[in-house]
Asker: 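Questions regarding the structure given below will be posed in turn.
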Amino acid sequence: MNGANQSRVSEFLLLGLSRQPQQQQLLFLLFLIMYVATVLGNLLIVLAISADSRLHTPMYFFLSTLSFTDICFSSTTVPKMLANHILGIQTISFPGCLTQMYFVFTFVDLDNFLLAVMAYDHFVALCHPLHYSTKMTHQLYVLLVIGSWVTANLNVLLHTLLMAQLVFCADNVIPHFFCDITPLLKLSCSDTHLNEMMVLTEGALIMITPFVCILTSYIHITSAILRVPSTKGKWKAFSTCGSHLAVVSLFYGTIFAVYFSPSSSHSAEKDTVATVLYTVVMPMLNPFIYSLRNRALKGALRKVTGRKRFCV
């Protein structure tokens, strides 16, 4: 392929979630509500944790970082989709598409690492409670978050640079609401084997390693909880981890279904539903999941909102 062929595609066409006008209006309203709920919910979590000195602990530091990440994560896709609907514009430039892809997967990786870090924090708190303050130091948990940011950016930069080397010819229609890596690879008219190999090897390693760390942490946590003599103590320990496990299940279930399942099981409809779950629904649900059984966080949220009661 020569440079002339590559220049034929200077922009892509995002088809969105539906081509039916009535469905588009309903989806616009639904996504607008979910985006507002995502931003407000996660922003309240960040503000509540920042304002309450009792919550200045590693667990809540990781939670506030996750909430901030989820605001950014949702903001990389939903506002563009809503703006396209209002303006009647479905196009996105090639550089804009790569930029959107870069930020989407940077925040996916950050969620991935933060969930693993939070699992480790639960492990230390429940399995080594007497040594928690010496093991989970301020320097360590700040370093874990910084390391997550650096690793996520370097990983996604690699995939973005590889994508930038591909040639895109006549077909520029993306049957999606954002620039996802899988549809882009299908549109390329050059050899994508290196890109696909990197997704299935390096990309899989980035996703699976934290997942294995989470599983290992919860194996030890479960073993420690089962040794607790009282039923009340066991329930309290399990409820502490329940919110995190719910988020982990939803996140990894959709990610593995979209990017690491056999290609024969893929369809545009299934992939779109799965990506909506992890890019839009999950960031919206996280504030509710984490505050559902957390009295300390509910109290902090009451102070921030100035309400006498906080119901989830």
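Heavy-atom basis, side chains included; hydrogens, waters and symmetry copies ignored. All values reported here derive from a predicted model rather than from experimental measurement.
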Asker: Using modelled atom types only, decide if a donor and an acceptor are shared between the side chain of Asn42 and the backbone of Pro283 within a distance under 3.5 Å.
Answerer: yes
Asker: Treating Asn172 as the side-chain partner and Glu11 as the backbone partner, does any N or O pair qualify as donor plus acceptor under 3.5 Å?
Answerer: yes
Asker: Less than 4.5 Å apart, side chain to side chain, heavy atoms only: is that true for Val276 and Phe31?
Answerer: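 The answer is yes; the side chains approach within 4.5 Å.
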Asker: In Å, rounded to the nearest 0.5 Å, how long is the span from CD1 of Ile174 to SG of Cys179?
Answerer: 4.0 Å
Asker: Please tell me if the side chains of Phe251 and Asn112 come closer than 4.5 Å, counting only heavy atoms from C-beta onward.
Answerer: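 Yes, close enough: below the 4.5 Å cut-off.
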Asker: Step through the shown structure and confirm whether more than 12 heavy atoms of other residues, nucleotides or ligands are within 6.0 Å of CZ on Phe68.
Answerer: no
Asker: Evaluate the side-chain proximity of Gln165 to Leu194: yes if any heavy-atom separation is below 4.5 Å, no if none is.
Answerer: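 With C-beta onward as the side chain, the pair stays apart.
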Asker: Keeping the roles fixed (side chain from Ser223, backbone from Ile219), state whether a donor-acceptor pair exists under 3.5 Å.
Answerer: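 A pair under 3.5 Å: no.
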Asker: Taking Ala48's backbone N and O only, do any of them form a donor-acceptor pair with Asp52's side chain (distance below 3.5 Å, no angle check)?
Answerer: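 No; zero donor-acceptor contacts below 3.5 Å.
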Asker: Can you find a side-chain donor-acceptor pair between Tyr278 and Asp111 that sits under 3.5 Å?
Answerer: no
Asker: Measure from the side-chain N and O atoms of Ser74 to the backbone N and O of Asp70, and report whether any donor-acceptor pair falls under 3.5 Å.
Answerer: no
Asker: Given side chains that start at C-beta, do those of Asn153 and Leu157 come closer than 4.5 Å, heavy atoms only?
Answerer: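 No, side chains not in contact.
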Asker: Report yes if the distance between the aromatic ring centroids of Tyr218 and Phe123 is under 6.0 Å, otherwise no.
Answerer: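 Between Phe123 and Tyr218, which both carry aromatic rings, the centre distance is not below 6.0 Å.
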Asker: Are any non-hydrogen side-chain atoms of Val281 and Leu285 less than 4.5 angstrom apart?
Answerer: yes
Asker: Would you check if Thr76 and Phe107 make a side-chain contact, meaning some heavy-atom pair closer than 4.5 Å?
Answerer: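 Sidechains of Phe107 and Thr76: in contact.
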Asker: Give the minimum heavy-atom separation between Thr91 and Ile89, together with the two atoms involved.
Answerer: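 The pair with the smallest heavy-atom distance is OG1-CG2, 3.4 Å.
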Asker: Less than 4.5 Å apart, any side-chain heavy atom of Val117 and any of Ser148?
Answerer: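 The answer is yes, as the side chains (C-beta and beyond) meet within the 4.5 Å cut-off.
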Asker: Is it the case that the side chains of Thr275 and His176 hold a donor-acceptor pair, with the cut-off being a distance below 3.5 Å and no angle test?
Answerer: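 On atom types as modelled, these side chains qualify, holding a pair under 3.5 Å.
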Asker: Under 3.5 Å, side chain of Ser188 to main-chain N/O of Val167, donor-acceptor pair present?
Answerer: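 Judged by distance alone, yes, a pair lies under 3.5 Å.
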Asker: What heavy-atom pair brings Ile221 and Ala119 nearest, and what distance separates the two atoms?
Answerer: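 Scanning both residues, the minimum pair turns out to be CD1-O, 4.2 Å.
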Asker: Would you check if Ile92 and Phe178 make a side-chain contact, meaning some heavy-atom pair closer than 4.5 Å?
Answerer: no
Asker: For Gln25 and His85, test the side chains for any donor-to-acceptor distance below 3.5 angstrom and give the result as yes or no.
Answerer: no
Asker: Could you go through residues 125-138 and list every donor-acceptor pair under 3.5 Å that involves a side-chain atom there, pairing it with any protein atom two or more places apart or in another chain?
Answerer:
{"from": "Tyr132", "atom 1": "OH", "to": "Asp121", "atom 2": "OD1", "distance (Å)": "2.4"}
{"from": "Thr134", "atom 1": "OG1", "to": "His131", "atom 2": "O", "distance (Å)": "2.8"}
{"from": "Thr137", "atom 1": "OG1", "to": "Leu140", "atom 2": "N", "distance (Å)": "3.2"}
{"from": "His138", "atom 1": "ND1", "to": "Tyr141", "atom 2": "OH", "distance (Å)": "3.0"}

Asker: Would you please name every residue forming a salt bridge (charged side-chain N to carboxylate O under 4.0 Å, His left out) with Arg227, sequence neighbours left out?
Answerer: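 In terms of salt bridge (charged side-chain N to carboxylate O under 4.0 Å, His left out), with neighbours along the sequence ignored, Arg227 is linked to no residue.
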